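Working notes, structure below.
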Amino acid sequence: MSEFAATTAPRGALAKIDAILRPHLEGARSNPGGAKATITLGELSDLMEERAFGLLLLVLALPCCLPFVYLLPQLVALPMLVLAAQMASGRKSPWLPETLRRRALPVAGLLDVVARAKQYGGWLERLAHPRFASLTGDRAARVIGALLIIPCASILVPLPLTNTVPGIGVALAAIGLIERDALFVILGLVVAMTWVAILVIGGPALLYLLIDFAFSRGSAA
């Protein structure tokens, strides 16, 4: 049994993530060498056990949700897409290729993101509880995974406005998966898909307006 499973599971998805990460940070601080604490995606996946899809998606989506978080969104975008695709394929637990399993994430940075998420959105997480559990079961998880591929792919695109709102949507859906709350899953999917639709429809129109404005300024000059 893992260290996480051996303890009393805390209430709430963010508290569960904090309980997983905190021992790694404290262990690094007690190390005389003073090395910064990191945790690999493989270690995270192994510690999260039966709800690994939801917890992994949440911990990876959080850096995409908050403004002024740098580097982490670029590290987590591809694993999020891989996890969503595996849910869609019907896998019961995540499998990560060795290159992604070895990808190290800074524990202090993740804990800071979790703390900020608790500060700004902890009240929302506390509303989650089991509702319409059949809509978060194995069959439904395949549909949810297929739909999550779209916002996760949006987060992967390195352009402005492509990660924050989809990241919030993925995080809400992940909380719903963890807490077996179908309403949170649906809310997250609606938020993420609506924003992606706005980008797909409005992005080319905005680009056209910018080009037209640039040409009109050039001809006027």
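Every value quoted in this text rests on a predicted model; they were computed, and no experiment measured them. Side-chain atoms are counted along with the backbone in the values below, which use heavy atoms only and exclude waters and symmetry mates.
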- prompt: Do the side chains of Leu62 and Leu14 get nearer than 4.5 Å, heavy atoms only?
  reply: yes
query: Which pair of heavy atoms, one from Ala61 and one from Gly167, lies closest together, and at what distance?
result: CB-O, 3.8 Å
Side-chain (Glu179) to main-chain (Gly176) donor-acceptor, under 3.5 angstrom: no
- prompt: Are the side chains of Phe53 and Lys92 in touch, meaning some heavy atoms are under 4.5 Å apart?
  reply: no
Sequence neighbours left out, cut at 3.5 Å: what donor-acceptor pairs do the side chains of residues 77-89 make with other protein atoms?
unit_1	atom_1	unit_2	atom_2	d
Gln86	OE1	Trp95	N	2.7
Gln86	NE2	Trp95	O	2.2
Ser89	OG	Gln86	O	2.7

query: Are any non-hydrogen side-chain atoms of Val59 and Leu55 less than 4.5 angstrom apart?
result: no
task: Check the pair Leu41, Val76 against side-chain contact (heavy atoms from CB on, under 4.5 Å), reporting the backbone distance first and the verdict last.
output: CA-CA 9 Å; Leu41 283 173; Val76 302; over 6 Å; no
task: Evaluate the side-chain proximity of Leu127 to Phe184: yes if any heavy-atom separation is below 4.5 Å, no if none is.
output: yes
message: Keeping Asp181 on the side-chain end and Ala128 on the backbone end, is there a donor-acceptor pair under 3.5 Å?
response: no
- request: Give a yes or no on whether the backbone of Val190 and the side-chain of Thr194 come within a donor-acceptor separation of less than 3.5 Å.
  value: yes
- prompt: Which residue, Val170, Asn163, Val165, Leu199, forms the side chain to side chain contact (heavy atoms under 4.5 Å, CB included) with Ser154?
  reply: Leu199
field: For the student: nearest non-hydrogen atoms of Leu177 and Gly54, plus distance
entry: CB-CA, 4.3 Å
Throw together a table of side-chain donor-acceptor distances under 3.5 angstrom for residues 97-111, partners on residues two or more places apart or in other chains.
unit_1	atom_1	unit_2	atom_2	d
Arg101	NH2	Asp46	OD2	2.9
Arg103	NH1	Leu75	O	2.7

query: Are Thr164 and Cys65 side-chain neighbours, meaning at least one heavy-atom pair lies under 4.5 Å?
result: no
With Ile17, the side chain to side chain contact (heavy atoms under 4.5 Å, CB included) member among Val113, Ile178, Leu58, Leu56: Leu58
- prompt: Are Ile144 and Ile186 connected in a single hydrophobic cluster, I mean Ile/Leu/Val/Met/Phe/Trp/Tyr linked by side-chain heavy atoms less than 4.5 Å apart?
  reply: no
